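Take a look at the structure set out below.
Quick caveat: nothing in here was measured; it's all calculated off a predicted structure. Just follow the structure's listing: the first ligand is 1, and inside any ligand the first atom is 1.
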Amino acid sequence: MSLLKKNFLPFRILAIESSCDETAAAVLEEGRILLSSVVASQIDLHQQYGGVFPEVASRQHIRVIYDVVDQALQQAHMSLANIDAIAVTRGPGLAGSLVVGMNMAKGVALGSALPLIGVNHLESHIYSAWLYPEEAPKPPPAPEFPLLALLVSGGHSELVLMSDHLTYQRLGGTLDDAAGEAFDKVARLLGLSYPGGPAIQNAAQTGNSKAYNFPQSKMEGTWNFSFSGVKTAVLRQVRDLEKSGRPLPIFDLAASFQASIVDVLFDKTMAAAREFKVKNLLVAGGVSANQSLRDVFTSQKEFPVFIPPLKYCTDNAAMVAAAGYYRFVHGKTDSLDIDVLPNWPLS
Ligand code: KG4
Ligand code: ZN
């Protein structure tokens with residue numbers, strides 16, 4: 001099948017995401033103009049388990065994926081005849097969940113004779129920073145290379161240097177918990193709901209971030225992170241406080257924990273940006289929805305910073321379409337026999 005079945009103007013991608021607990025589809029035009037983005041969250045189903053239950057996740061994806069893709073097309077006022085390529089998350093993620101999105105994407109690609117683009121989920125989070133709020137009158141400037149990306153989600157915390165599109169040099173990452181995972185675990189410890197990030201952020205709003213001095217693992221001499229120490233420190237503090245029999249100062253604990261994580265992420269990212277003399281900073285992944293993290297990065301003036309609009313920080317398909325677009329224009333399409341890659345690294 002020739003990729004040039006028509007002249008691709010305007011070029012539209014239908015993207016599908018199902019790597020974890022969100023079933024999502026989106027239509028994107030010319031790489032940055034978002035025509036629709038539909039996300040069906042499974043949070044309510046997993047809340048009772050305090051985290052994502054993989055089998056429940058894949059079965060729920062099966063139930064809703066057809067409707068989600070259909071809605072994305074309808075909201076974009078498009079049919080498959082207006083689509084030029086299908087992008088889909090190939091990994092990393094939960095195997096059983098990835099397979100559902102992949103099979104849907106292959107079915108559509110085969111049925112409509114469209115090229116298929118398998119996209120890395122971490123790459124999608126990075127390209128979410130190419131998206132912009134729909135109320136913007138025209139596309140704002142795109143990030144410029146070389147750039148440093150801080151990618152912080154429920155499964156990953158990585159510092160990635162990009163010298164160009166799709167060119168990733170991993171400088172370091174977490175040696176234990178991911179930043180989002182630390183938020184989720186500490187929230188559980190404090191009796192807050194899943195997902196922990198938004199719950200901690202809410203609790204922290206009325207708390208004193210200096211009430212407790214939780215450790216910040218600096219991992220000197222490396223670009224790595226470690227968040228299990230701060231989690232254990234919160235656990236110890238909670239145990240000590242519980243002995244007093246008084247109610248836990250949840251707000252202060254949440255604010256102090258959040259400050260510890262945000263400081264480490266900010267300090268290390270800024271140090272790496274100076275060391276590698278990048279032009280731009282980029283912060284993405286579910287934890288980039290954190291207001292305190294957004295505030296520290298947007299208030300520094302050393303580097304222009306790109307952070308996706310709030311609704312594209314956590315998992316969605318608009319970001320898959322954005323990454324898929326750059327893969328397509330660089331000739332990176334895939335055949336219909338590709339498999340999912342649950343442990344696919346970025347570089
Ligand atoms: O990117 P994402 O939706 O899924 C993964 O690829 O992992 O990230 C989900 C993670 C969860 O750990 C969640 O607690 C965290 O992002 N998160 C936040 C906030 N919103 C979501 N962490 C801190 N503050 C938030 N406001
Ligand atoms: Zn994600």
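Checking Gln74 against Asp70 by side-chain atom types alone, a donor-acceptor pair falls below 3.5 Å. Using modelled atom types, one finds a donor on one side chain and an acceptor on the other under 3.5 Å when comparing His121 with Asp315. Side chain to side chain, Asn82 and His77 fail the donor-acceptor criterion of an N or O pair below 3.5 Å. Using a 3.5 Å distance cut-off with no hydrogens or angles, the side chains of Glu22 and Ser41 do pair a donor with an acceptor. With hydrogens and angles left out, the side-chain atoms of Ser228 and Asp177 include no donor and acceptor closer than 3.5 Å. For the residue pair Ser244/Glu242, the side-chain donor-acceptor check at 3.5 Å is not satisfied.
Ser124 places a side-chain N or O within donor-acceptor distance of the main-chain N or O of Asn120, the cut-off being under 3.5 Å.
In terms of protein heavy-atom proximity, atom 7 (O) of ligand 1 is nearest to Gly154 N, 2.8 Å. The protein non-hydrogen atom at the shortest distance from atom 26 (N) of ligand 1 is Gln201 OE1, 2.9 Å. Here the protein heavy atom with the shortest distance to atom 2 (P) of ligand 1 is Asp315 OD1, 3.4 Å. Shortest contact from atom 24 (N) of ligand 1 to any protein heavy atom: Asn290 ND2, 3.0 Å. When hydrogens are left out, the protein atom nearest atom 6 (O) of ligand 1 is His121 NE2, 3.1 Å; that is the closest non-hydrogen contact.
Taking every heavy atom of Gly196 and a limit of under 4.0 angstrom, the matching atoms of ligand 1 come to 14 (O). Residue Gly155 has at least one heavy-atom neighbour below 4.0 Å for each of these atoms of ligand 1: 7 (O). Atom numbering of ligand 1 starts at 1 in the shown order; those under 4.0 Å from a heavy atom of Gly286 are 1 (O), 2 (P), 8 (O), 16 (O), 17 (N), 18 (C), 19 (C), 20 (N), 21 (C).
Polar contact with ligand 1: present for Gly197 (N/O pair, distance under 3.5 Å). Ligand 1 has an N or O atom lying under 3.5 Å from an N or O atom of Asp184, backbone or side chain. Residue-to-ligand polar distances keep Phe183 apart from ligand 1: every N/O pair is separated by 3.5 Å or more. Considering both main-chain and side-chain atoms, Thr314 never comes within under 3.5 Å of ligand 1 through any nitrogen or oxygen pair.
Taking the side chain as every heavy atom from C-beta outward, Val27 and Leu73 approach each other to under 4.5 Å.
Listed by chain and residue number, the protein N/O/S atoms under 2.8 Å of the Zn ion (ligand 2) are His121 NE2, His125 NE2, Asp315 OD1, with waters left out.
Contacts classified as ring-ring contact (aromatic ring centres under 6.0 Å, His included) and involving residues 79-109 (residues at least two apart or in different chains) are not found.
Every ring-ring contact (aromatic ring centres under 6.0 Å, His included) that Tyr127 has, sequence neighbours left out, goes to Trp130, His165, Tyr326.
Salt bridge status for Lys231 with Glu181: absent, with no side-chain N to carboxylate O gap under 4.0 Å.
Residue His125 touches ligand 1 through its side chain alone, judged by heavy-atom distances below 4.0 Å.
Residue Leu45 belongs to a hydrophobic cluster whose other members are Tyr49, Phe53, Val56, with links defined by side-chain heavy atoms closer than 4.5 Å.
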